[in-house]
Amino acid sequence: MSHTYITTPIYYVNGDPHLGSAYTMIITDTIARYYRARGWDTFYLTGTDEHGNKIAQAAADAGVGTKEFTDRVSASFRAAWDTCDITYDHFIRTTDDYHIRYVQEFLQKVHDAGDIYFHRYEGLYCFGCERFYTPKELRDGKCPDHLTAPTLIEEENYFFRMSKYQERLLKHIEANPNFIRPEGFKNEVLGMLREQIGDLCISRPKSRLTWGIELPFDQRYVTYVWFDALINYISGLKYKGEAVFQKFWPEAQHFIGKDILKPHGLFWPTMLMAAGLPLYKHLNVHGFWTVEGQKMSKSLGNVISPLAMKDKIGLDAFRYFLLRESAFGQDADFREESLTARYNGDLANNLGNLASRTLAMQDRYFKGIVQPLNDPPPEIDQRLAAAFTHAATEVETQVGNLLLNRALEAVFRATDHANKYITETAPFTLAKDPASLPRVGAVLHNLLEALRVSCQLLLPFLPETSQKLFALLNLPAEQLTAYSLAWGKAFAVGHQIQKPQALFPRLQ
RNA sequence: GGCGGCGUAGCUCAGUUGGCUAGAGCGAGGGUCUCAUAAUCCCUAGGUCGGCGGUUCAAUUCCGCCCGCCGCUACCA
């Protein structure tokens, strides 16, 4: 059986779920549902990133213990994704015992291999950023983020010999053109690799940072950020056992936003090389959303909450908008106006209305009882079937390229074709003549097939709607993923379907 | 400064070995059916394919320069 492993970034527990993280979740959830529906053994991981001073500070500000604080925020993320019906298989927390143990095992392995060394240096440190700055990065001698003067401190830390793997990574990316996609982001990483990438500082002394994972080879230190966070992709699998890890890891597909390309494109693969592990299969990088043309930010007060969107237009409509309105890897703009247009134009008028008129006629003319198809089928019927066969092929191709917008476009072209088919065959006119009723029955049977295949193709994208409509067709739920079931074979003559229900009531 | 991407109808975009009168969806204008969620369906709109120059029988598609937007990256007063 084919299998795949889908991951999202783990979310830092100093904020709330917003449009950006929801977008990553909806994309990955769709991909995971897509593969599951087609019988692939799929493992889908998400979680929360919980270490660092910012978290300890936020907890202190909130007047609660750090652990209690992270429990609370992590749970709120998990609850948000549950409310959004995100079908992750495991939710990892970097404060989980198994994760901590595995991070230490990983560190020890890389240390044993000689790729972690101790080094003394001094530099300008910004406590707000928890990082060192080079003089040229400063603005007027101050931290560009916090606008405070950094402190000159001397420190000894552990470094990962990342530069050792620079050449090997470069060759790997060149030999595997789809390792990082879309291409633009691959080129960015190649650009980084053409410079000296240097080594990576991976520790912080406990005097400055206590809320972290202790280095197994020096208890005066904790590990810093990436050796903690990135390793979740492996510990999350190891948690389920070595066999699960062995099976899924080589099929790993990471999905990230473009802001964390460098750690995933550079740090992570070199870390894996140092640990003697296979590299992930794909790094899939998506773009950002602006809101009404502006960058989304708390200060502008234009942050979109997925939970609010669920209440406002429903989960499926929200999913549809995000998936249809963005091209993977490119930025997109969230506009109230586009949202309404997509909802009314595609969901209500095209798909919803198609279902409505089909089921209404089936009910009105035949009391919901399915009639025989014509044998042989007229050309117009064949063309309808072909439109859906073509859509199915397109969906396969486009999802494979992560172009979910085009996959959806293809399905809606087919439902659009079905709407035209109704106009061309005019069953409502034929129905006036009793002698034409057999043809009316056949036309409606074809339309029911159109709806059935639409449900199948849309299942990963619009899970709720797909299941709801399939229930109206009164077909057994397992047939929802019976992709090889031929046109005309799903509905037995005499089968009873339900009365119509508005799937997407028009807005305004 | 270097590298990369982008700039096609009001909006979002297709257009990948250079070649028919440059396309789609939405919006807008006109018309139509009546099964349906005032939905459907049909027609129309007309864009110097960012600008200039070059290669070619022929360029949106190749080359050079320029303008604008964006990303990454380097650096200097």
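The analysis underlying the following values was restricted to heavy atoms, covering all of them including side chains, and did not include hydrogens, waters or symmetry mates. Note on naming: letters A, B, ... go to the chains in the order of the sequence lines (proteins, then strands), and numbering restarts at 1 for each one.
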Tell me: [atom1] of [X] to [atom2] of [N], nearest whole Å?
{"X": "Tyr421(A)", "N": "rA39(B)", "atom1": "OH", "atom2": "C1'", "result": "20 Å"}
{"X": "Glu188(A)", "N": "rU73(B)", "atom1": "CD", "atom2": "P", "result": "8 Å"}
{"X": "Asp346(A)", "N": "rG27(B)", "atom1": "CG", "atom2": "C1'", "result": "13 Å"}
{"X": "Gln362(A)", "N": "rA36(B)", "atom1": "CD", "atom2": "C1'", "result": "14 Å"}
{"X": "Ile422(A)", "N": "rC42(B)", "atom1": "CD1", "atom2": "P", "result": "13 Å"}
{"X": "Leu430(A)", "N": "rU34(B)", "atom1": "CG", "atom2": "P", "result": "12 Å"}
{"X": "Glu337(A)", "N": "rC11(B)", "atom1": "CD", "atom2": "C1'", "result": "8 Å"}
{"X": "Gln330(A)", "N": "rG5(B)", "atom1": "CD", "atom2": "C1'", "result": "9 Å"}

Work out how far the [atom1] atom of [N] is from that of [M], and round it to whole angstrom.
{"N": "rG50(B)", "M": "rC35(B)", "atom1": "P", "value": "48 Å"}
{"N": "rG53(B)", "M": "rA59(B)", "atom1": "P", "value": "13 Å"}
{"N": "rG46(B)", "M": "rU55(B)", "atom1": "P", "value": "35 Å"}
{"N": "rA45(B)", "M": "rA39(B)", "atom1": "C1'", "value": "23 Å"}
{"N": "rG51(B)", "M": "rA77(B)", "atom1": "C1'", "value": "33 Å"}
{"N": "rU21(B)", "M": "rC3(B)", "atom1": "C1'", "value": "40 Å"}
{"N": "rU44(B)", "M": "rA9(B)", "atom1": "C1'", "value": "14 Å"}
{"N": "rC41(B)", "M": "rC49(B)", "atom1": "C1'", "value": "31 Å"}

Mate of [N] where both pairing distances stay under 3.5 Å, Watson-Crick or G-U:
{"N": "rA38(B)", "value": "none"}
{"N": "rG18(B)", "value": "none"}
{"N": "rA45(B)", "value": "none"}
{"N": "rU12(B)", "value": "rA24(B)"}
{"N": "rG71(B)", "value": "rC3(B)"}
{"N": "rG64(B)", "value": "rC52(B)"}

Does a salt bridge link [X] with [Y], judged by any charged N lying under 4.0 Å from a carboxylate O?
{"X": "Lys164(A)", "Y": "Asp199(A)", "value": "no"}
{"X": "Glu394(A)", "Y": "Arg406(A)", "value": "no"}
{"X": "Arg319(A)", "Y": "Asp29(A)", "value": "yes"}
{"X": "Glu174(A)", "Y": "Lys186(A)", "value": "no"}

Base, sugar-phosphate or nothing for [X]? Non-hydrogen atoms, less than 4.0 Å.
{"X": "Asn350(A)", "answer": "nothing"}
{"X": "Asn353(A)", "answer": "base"}
{"X": "Arg413(A)", "answer": "nothing"}
{"X": "Phe412(A)", "answer": "nothing"}
{"X": "Gly352(A)", "answer": "base"}
{"X": "Leu354(A)", "answer": "nothing"}
{"X": "Ala348(A)", "answer": "base"}
{"X": "Pro505(A)", "answer": "base"}

Quiz prompt | Residue closer to the 5' end of RNA chain B, Lys258(A) versus Asp331(A) (nearest nucleotide) | solution =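 That would be Asp331(A).
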Quiz item: Which residue, Leu351(A) or Phe185(A), contacts RNA chain B at a nucleotide closer to its 5' end, judged by nearest heavy atom?
Solution: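 Looking at the nearest nucleotide for each, Leu351(A) comes out on the 5' side.
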Nearest to the side chain of [X], heavy atoms from C-beta on, is which of [options]?
{"X": "Arg357(A)", "options": "rA39(B), rA36(B), rC41(B)", "value": "rA36(B)"}
{"X": "Arg406(A)", "options": "rC72(B), rU37(B), rG15(B)", "value": "rG15(B)"}
{"X": "Asn187(A)", "options": "rC26(B), rG4(B), rU40(B)", "value": "rG4(B)"}
{"X": "Arg342(A)", "options": "rG25(B), rC3(B), rC35(B)", "value": "rG25(B)"}
{"X": "Ala360(A)", "options": "rU37(B), rU40(B), rC35(B)", "value": "rC35(B)"}

Quiz prompt | Check: Ser305(A)/His18(A) side-chain N/O donor and acceptor closer than 3.5 Å | solution =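 Distance-only check fails for Ser305(A) and His18(A).
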Self-check item: Glu183(A), CD: over 12 other non-hydrogen atoms inside 6.0 angstrom
Solution: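 No.
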Under-4.0 Å side-chain N/O to phosphate OP1/OP2 contact, [X] with [N]:
{"X": "Lys420(A)", "N": "rC42(B)", "value": "yes"}
{"X": "Asn349(A)", "N": "rU40(B)", "value": "yes"}
{"X": "Arg364(A)", "N": "rA36(B)", "value": "yes"}

Quiz prompt | Any residue meeting ring pair (Phe, Tyr, Trp, His ring centres under 6.0 Å) with His119(A), in chain and number order, not counting sequence neighbours | solution =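 In terms of ring pair (Phe, Tyr, Trp, His ring centres under 6.0 Å), with neighbours along the sequence ignored, His119(A) is linked to Phe159(A).
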Quiz item: Who are the side-chain hydrogen bond (donor to acceptor under 3.5 Å, both in side chains) partners of Asp228(A), not counting sequence neighbours?
Solution: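 Result, side-chain hydrogen bond (donor to acceptor under 3.5 Å, both in side chains) vs Asp228(A): His51(A), His99(A).
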